[in-house]
Protein chains: 2
Amino acid sequence: MSLRHAILGFLAIKPMSGYDLRKHMDASVRHFWPADQAQIYRTLQALEAEGLVSVEDTDNSRQRRVHSATPAGLAALDDWLRTVQPVEDSREPFLIKMFFGDRIGPDGVRDLLLARRVEAEEMLATLRGIAASIPPKGDLGLRLRRATLLSGLRHVEAEIQWINETLQELD
Amino acid sequence: MSLRHAILGFLAIKPMSGYDLRKHMDASVRHFWPADQAQIYRTLQALEAEGLVSVEDTDNSRQRRVHSATPAGLAALDDWLRTVQPVEDSREPFLIKMFFGDRIGPDGVRDLLLARRVEAEEMLATLRGIAASIPPKGDLGLRLRRATLLSGLRHVEAEIQWINETLQELD
DNA sequence: CTGCAATATAGGACTTGTCATATAAGATAA
DNA sequence: TTATCTTATATGACAAGTCCTATATTGCAG
């Protein structure tokens, strides 16, 4: 039920088409909420049917549907934002491989860990790059957006630390 | 596609009923792969249909279906274990709330962070408890199972660190 | 002016997982 | 003995998301 609210959040900033939404989400929240194009459009339709979003058709003769959050939509967004929810449980296929790793022996496991470290380090570089481009000061919104990036960063760092720990454990 | 392999992994250790499977998974991999009962039974059916699992009906007149991994099942498991897969992308509803946190102001955001820290600290205590009960040495299998726990631990620690960082940022 | 990339929306088929509920047998405690 | 708990399996309805494909327009480069 988060995509609905992510969409409402973006539309609260400014009205947009589904296409714009996809671009914006891809550029800013993809690392903690990857959004599928088809899913965005379908959610937009549902939101419209519920009266949480209104649509202004045809932006100067182009086939383009600009969506805005209605007052009801903003209220629903803020309610959701304020609601404390239990921590969602994560699914980590990689840990399943580790759990049964004895079947492929220490060398097999080491291969998996090394490959994962490469990916984690790429992610680290990417996130650090983006983080560096955000000014450390600013208003609440900007500082919180920076914080979501930092969260990704901290977790990737933890992942690399754990990989190194586990590699040592393997010897 | 991980539940199938988790199931094969458990059946490779010893033949089990769906019921046992659920119990075992709940006790060992739940923190990185929570498994739904209905899903376990349906996956077992699919696995059986594909010949990756065989079933021995009626264990002494009880209505109980004991499943074993077939040679094909073990081969499929090991193939999967050895396959390097791209890092799965995570979904973090909480970060969406942070991203749009300016709508509920610093106090609203602080409430969310504090509530989350409570949950994270409970998780930390739980994982530490389990980790303490596992001997630090042992064979590869045991050390890897311990490592999956350590992974959870490292990430929860990182989460708490980030929460504290972000709370400071709020002032 | 033609072909190609980008803009823009949408639906079908499918997968994975969730939640609720049904069913039935054996074990145990009041 | 009756009620209840645990063991044990299964299905229906649904939600969320993925992947693929279709369609149409606009703008730009060759």
Side-chain angles (χ1 to χ4, degrees), chain A residues 1-8 10-11 15-27 29-30 32-50 53-67 80 85-86 88-93 96, chain B residues 1-8 10-11 15-27 29-50 53-67 80 85-93 96:
Chain A
M1 301 296 293
S2 294
L3 181 59
R4 320 162 57 76
H5 298 104
I7 287 176
L8 287 170
F10 278 103
L11 296 184
M16 276 185 240
S17 67
Y19 190 84
D20 294 335
L21 226 24
R22 174 158 169 49
K23 291 249 158 165
H24 276 95
M25 293 190 70
D26 229 54
V29 300
R30 191 187 31 181
F32 56 88
W33 204 273
D36 180 78
Q37 179 260 112
Q39 193 67 5
I40 289 176
Y41 281 103
R42 275 196 263 252
T43 304
L44 238 18
Q45 284 165 14
L47 252 16
E48 195 194 341
E50 290 168 57
V53 147
S54 65
V55 184
E56 203 195 326
D57 252 338
T58 63
D59 156 270
N60 50 4
S61 91
R62 262 284 252 342
Q63 101 281 27
R64 198 180 134 82
R65 316 191 69 215
V66 178
H67 300 256
W80 180 77
Q85 272 149 333
E88 62 287 350
D89 38 39
S90 58
R91 287 174 190 281
E92 303 279 352
I96 297 184
Chain B
M1 302 298 289
S2 294
L3 181 58
R4 321 163 55 78
H5 298 104
I7 287 175
L8 286 171
F10 278 101
L11 297 184
M16 276 185 239
S17 67
Y19 191 84
D20 294 335
L21 224 24
R22 174 159 169 49
K23 293 250 159 167
H24 275 96
M25 293 190 71
D26 229 55
V29 301
R30 192 187 31 182
H31 74 281
F32 57 87
W33 203 274
D36 181 78
Q37 179 259 115
Q39 193 65 6
I40 289 175
Y41 282 102
R42 274 197 263 252
T43 304
L44 239 17
Q45 284 164 16
L47 252 18
E48 195 194 341
E50 290 168 57
V53 147
S54 65
V55 184
E56 202 195 325
D57 253 334
T58 62
D59 156 271
N60 50 2
S61 91
R62 263 282 254 340
Q63 101 282 26
R64 200 180 133 80
R65 316 191 69 216
V66 178
H67 300 256
W80 179 77
Q85 271 147 333
V87 173
E88 61 288 350
D89 37 38
S90 58
R91 287 173 190 280
E92 303 279 351
I96 298 184

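If you're wondering where the values come from, they're calculated on a predicted model, not measured in any experiment. Any value given below was found using the heavy atoms of this structure, including those in side chains, with hydrogens, waters and symmetry copies removed. By convention in this document, chain letters (A, B, ...) are assigned in the order of the sequence lines, proteins followed by strands, and residues within each chain are numbered from 1.
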Starting at atom [atom1] of [X], determine the distance to atom [atom2] of [N], rounded to an integer number of angstrom.
| X | N | atom1 | atom2 | value |
| --- | --- | --- | --- | --- |
| R30(A) | dG17(D) | CZ | P | 17 Å |
| D36(A) | dC14(C) | CG | P | 17 Å |
| I40(B) | dT18(C) | CD1 | C1' | 13 Å |
| L21(A) | dT7(C) | CG | P | 15 Å |
| Y41(A) | dA24(D) | OH | C1' | 13 Å |
| Y19(A) | dA10(C) | OH | P | 15 Å |
| Q37(A) | dT9(C) | CD | C1' | 7 Å |
| Q39(A) | dG17(C) | CD | C1' | 14 Å |

Output one line per pair: protein atom, nucleotide atom from nucleotides 13-15 of chain D, and distance, for all N/O pairs under 3.5 Å.
unit_1, atom_1, unit_2, atom_2, d
dA13(D), N6, R42(B), NH2, 3.4

Phosphate oxygens OP1/OP2 of dT7(D): is one of them under 4.0 Å from a side-chain N or O of K23(B)?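 Affirmative; the distance criterion is met.
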Whether S17(A) contacts dT9(C) is assessed here as follows: a side-chain N or O lying under 4.0 Å from the phosphate OP1 or OP2. Is that the case? yes
Describe the nucleic acid contact of [X] in one word from base, sugar-phosphate, nothing, applying a heavy-atom distance below 4.0 Å.
| X | value |
| --- | --- |
| D89(B) | nothing |
| R4(A) | nothing |
| A35(B) | nothing |
| Q45(B) | sugar-phosphate |

Among the candidates [options], find the nucleotide nearest to the side-chain atoms of [X].
| X | options | result |
| --- | --- | --- |
| A38(A) | dC19(D), dT9(D), dG17(C) | dC19(D) |
| R91(A) | dT9(D), dG17(C), dG12(C) | dG17(C) |
| R65(B) | dT9(C), dA10(D), dA8(D) | dA10(D) |

Return each pair, listed once, that meets salt bridge (charged side-chain N to carboxylate O under 4.0 Å, His left out) where at least one residue sits in residues 41-50 of chain B; pairs must be two or more places apart or across chains. R4(B)-E50(B), E48(B)-R65(B)
With sequence neighbours excluded, what pairs up with F10(B) under the side chain to side chain contact (heavy atoms under 4.5 Å, CB included) test? F99(A), F100(A), M16(B), L21(B), H24(B), M25(B), S28(B), V29(B)
Computed from five pairs at either end and rounded to 10 degrees, the angle between the axes of the helix from dC1(C)-dG30(D) to dA30(C)-dT1(D) is 10°
Partners passing salt bridge (Lys or Arg N to Asp or Glu O under 4.0 Å) against D36(A) (at least two apart in sequence or in another chain):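 D36(A): no salt bridge (Lys or Arg N to Asp or Glu O under 4.0 Å) contacts found.
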Restricting to salt bridge (Lys or Arg N to Asp or Glu O under 4.0 Å), what partner residues turn up for R91(A), sequence neighbours left out? none
Using only atom types and a distance under 3.5 Å, with no angle test, would you say the side chain of Y41(A) pairs donor to acceptor with the backbone of Y19(A)?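 Side chain of Y41(A) to backbone of Y19(A), a donor-acceptor pair under 3.5 Å: yes, one is there.
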Roughly how far apart are L3(B) CG and I7(B) CD1, rounded to 0.5 Å? 4.0 Å
Validation row: D20(B), H67(B) side chains within 4.5 angstrom (heavy atoms):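 With C-beta onward as the side chain, the pair stays apart.
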Is the shortest side-chain heavy-atom distance between S2(A) and W80(A) below 4.5 Å?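 SC-SC contact between S2(A) and W80(A) confirmed.
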